[in-house]
There are 2 protein chains.
Amino acid sequence: MARLAAYKQHHEQSEGACAHAIGQSEKAERALAQSEAICRAHGVRLTPIRRKVLETLYATRRPLGAYDLAEALAPDGRRLAPVTIYRALEFLIEQGLAHRLASQNAYIATFHDDHETTAFLICEECGDVNEINPDALSSTLAGLVQAEAFRPHARFLEITGKCSQC
Amino acid sequence: MARLAAYKQHHEQSEGACAHAIGQSEKAERALAQSEAICRAHGVRLTPIRRKVLETLYATRRPLGAYDLAEALAPDGRRLAPVTIYRALEFLIEQGLAHRLASQNAYIATFHDDHETTAFLICEECGDVNEINPDALSSTLAGLVQAEAFRPHARFLEITGKCSQC
DNA sequence: GGCCGAAATGATACTTTGTTGCAAAAACCC
DNA sequence: GGGTTTTTGCAACAAAGTATCATTTCGGCC
């Protein structure tokens, strides 16, 4: 897909001199440590494969397709089978550590600010994704969902548009 | 996919005695007439294929995959090529007559209440989709989007959960 | 009516994304 | 250490979506 190619291109361009990458890597490390804690608390195992997938997602800070992940995890030798990636992703999503961006057919690690509702602002130009947890959105959703007698399960909203940079 | 099989099964079950189908068909016809008006206004053509796809979506009142549509449009003879369906869907989406439910890899006709923000409440059990246009959501989104300096393009929210029936 | 360019459809092959089923290996429990 | 559960490997497959080019249809124009 052109989308993924664009992601990579952008990623390579910004690799050397990405201003906000500084400070983001610490953030990713904190989130990773927190992820481990969550797994311990849930009594589940963050195995090497799962951890590596999660690390890659945090390091990229950008939605990655399952096949992109497979490639990223095998820079040298042979790559993991798709099903292995999908199983790792399934696990991460179950534990709330990652999320599938359906509109992009891609996956992204979540920063677990423990709010009820999370929205992803997806820039259509640069592909950047911003995770926000506005309380206003939580209450609005809660209200309208009550009005419709609907019990929401996944409270993730994907909003595509143009980010402040573009 | 199991999802599509489930859709069909549910559809067949409720075909005979679907309570809310009465009244819904008129609604669909109104929406169809309105769609024609929109196309005329836009100076674009609602060709037979496009119209049939739209009709099927309205009649089903449920997200349909592109391949489901291909099958539905060829009960007798040979079915349309995938690309034909996708082109029709692309057209309908461009004109705002249909929407792609990314989380379902499926497509659904929209009832054009001309609000800014549309949310789809997707029941994970029965597959029913309810389209709502709450003003509260519009303003909430507008606010937070302003706070993030983000210009949203597509204002469609997909919320999965459990509907009042299930 | 007949012609021409643009829009729409057909046909074919292909890519990307995700799944199924079963076997091997590793981790956990006692 | 033995048995069970969980995780990973492997191979084939299914589903969703796209690219390319040829053919037909539509709309305007003379």
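To find a chain, count down the sequence lines: A is the first, B the second, and so on, and within it residues start at 1. Every heavy atom of this structure was used, including side-chain atoms; hydrogens, water molecules and symmetry mates were not.
Closest to the side chain of A:Thr47, from the set D:dT7, D:dA19, D:dA16, is D:dT7. Of the listed nucleotides (D:dT6, D:dC10, C:dT19), C:dT19 has the atom at the smallest distance from the side chain of A:Pro82. Listed nucleotides: C:dT20, D:dT8, C:dG10. Nearest to the side chain of B:Thr84: C:dG10.
Remark: A:Arg100 CZ to B:Ser103 OG distance equals 8.0 Å, nearest 0.5 Å. Note that the CG atom of B:Leu89 and the CG atom of B:Leu97 stand 11.0 Å from one another [nearest 0.5 Å]. Taking CG of A:Leu101 as the reference point, atom CD1 of A:Ile108 lies at 5.5 Å (rounded to 0.5 Å).
In this structure, the CZ atom of A:Arg87 is 15 Å from the P atom of C:dA24, given to the nearest Å. In this structure, the OH atom of B:Tyr67 is 11 Å from the C1' atom of C:dT16, given to the nearest Å. A straight line from CD1 of A:Ile85 to P of D:dC10 spans 13 Å, rounded to a whole angstrom. Between B:Lys52 atom NZ and C:dT9 atom C1' there is a gap of 16 Å when expressed in whole angstrom units. One atom, CG of A:Leu80, and another, C1' of D:dC10, lie 12 Å apart when rounded to the nearest Å. A:Leu89 has its CG atom 15 Å from the P atom of D:dT7, to the nearest Å. Atoms CD1 (B:Ile49) and P (C:dT9) sit 5 Å apart, rounded to a whole Å. Atom CD of A:Glu71 is separated from atom C1' of C:dT16 by 13 Å (rounded to the nearest Å).
Classification of the A:Tyr86-A:Tyr107 ring pair by plane angle, with boundaries at 30° and 60°, yields perpendicular.
In this structure, B:Tyr86 does not reach the C:dG10 phosphate: none of its side-chain N or O atoms is under 4.0 Å from OP1 or OP2. Between B:Arg50 and C:dA8, a side-chain N or O to OP1/OP2 separation shorter than 4.0 Å is present. Distances shown here put every side-chain N or O of B:Arg78 at or beyond 4.0 Å from the OP1 or OP2 atom of C:dG10.
Here the options are B:Leu141, B:Thr118, B:Ile132, the test is side chain to side chain contact (heavy atoms under 4.5 Å, CB included), and the partner is B:Leu157; only B:Leu141 passes.
For B:Arg100 and A:Val83, each mapped to the nucleotide of DNA chain D holding its nearest heavy atom, the one lying further toward the 5' end belongs to A:Val83.
Among the protein residues, B:Tyr107 comes within range of the sugar-phosphate backbone only, with heavy atoms under 4.0 Å from sugar or phosphate atoms but none that close to a base.
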